[in-house]
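For reference, the structure discussed in these notes is given below.
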Amino acid sequence: MRPGKRESVAEIKRHLFKYNLISMAATLVIAVCIYALATGEGASIHSIFADQSNVFDILIAAGVVELLVMARIARLNKLKQGVSTRRRVMSRA
């Protein structure tokens with residue numbers, strides 16, 4: 001999305017879909033990490049989850065990704081609302 005270009009609602013929805021997919025993947029990684037920490041059976045999932053320090057590193061990285069994606073989704077929703085409002089105002093004129 002270029003800042004100088006007018007955004008359409010369809011384009012914003014496409015970006016929202018992409019970021020929601022990234023968010024789902026990060027949430028899944030967080031869930032697997034919490035499961036590995038809670039049960040201690042991380043090695044049965046993958047050898048990386050056998051070491052608790054690796055699990056914490058992955059959990060922190062997935063948490064950061066999730067926070068960044070949530071911030072981007074919030075900005076896109078605000079932009080979509082502004083574009084929708086602007087289109088309604090312009091159609092009345």
Side-chain angles (χ1 to χ4, degrees):
M1 293 187 320
R2 289 182 227 138
K5 187 172 116 176
R6 281 196 140 169
E7 301 296 336
S8 68
V9 175
E11 186 177 352
I12 294 170
K13 284 182 180 180
R14 186 172 45 84
H15 287 289
L16 281 170
F17 180 75
K18 177 179 71 171
Y19 284 111
N20 281 326
L21 287 178
I22 295 169
S23 176
M24 285 183 356
T27 302
L28 181 64
V29 170
I30 290 170
V32 169
C33 288
I34 290 173
Y35 173 79
L37 288 173
T39 62
E41 298 178 10
S44 65
I45 299 169
H46 194 276
S47 61
I48 290 176
F49 295 110
D51 186 17
Q52 199 174 30
S53 65
N54 287 342
V55 176
F56 279 120
D57 291 342
I58 294 169
L59 184 63
I60 289 170
V64 168
V65 168
E66 183 70 27
L67 287 174
L68 291 173
V69 167
M70 285 178 10
R72 185 65 179 154
I73 287 173
R75 277 189 263 143
L76 284 171
N77 279 330
K78 186 184 284 187
L79 180 64
K80 183 175 88 171
Q81 185 178 15
V83 169
S84 297
T85 303
R86 186 175 45 209
R87 286 189 190 268
R88 264 187 265 131
V89 170
M90 292 176 76
S91 66
R92 289 181 190 170

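Position 1 is the first residue of the sequence, and the numbers go up from there. Everything quoted here is computed from the prediction, not taken from an experiment.
- To the nearest 0.5 Å, atom CZ of residue Arg72 and atom NZ of residue Lys18 are 8.0 Å apart.
- With values rounded to the nearest 0.5 angstrom, Asn77 atom CG is found 11.0 Å from Lys13 atom NZ.
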Under 3.5 Å, side-chain donor or acceptor atoms of residues 29-46 against the rest of the protein: list the pairs with distances, not counting sequence neighbours.
from, atom 1, to, atom 2, distance (Å)
Thr39, OG1, Tyr35, O, 2.8
Thr39, OG1, Glu41, N, 3.3
Ser44, OG, Glu41, O, 2.6
His46, ND1, Ile48, N, 3.1

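- Atom OG of Ser23 and atom CG of Leu28 lie 11.0 Å apart (nearest 0.5 Å).
- Listed by chain and number, the residues in a side-chain contact (heavy atoms from CB on, under 4.5 Å) with Val65 are Ile22, Ala26, Val69 (sequence neighbours excluded).
- Taking CD1 of Ile73 as the start and NZ of Lys80 as the end, the distance is 11.0 Å to the nearest 0.5 Å.
- One hydrophobic cluster, built from ILVMFWY side chains closer than 4.5 Å, cannot hold both Leu68 and Leu79; they sit in different ones.
- Other cluster members for Phe17: Leu21, Met24, joined by side-chain heavy-atom distances under 4.5 Å among Ile, Leu, Val, Met, Phe, Trp and Tyr.
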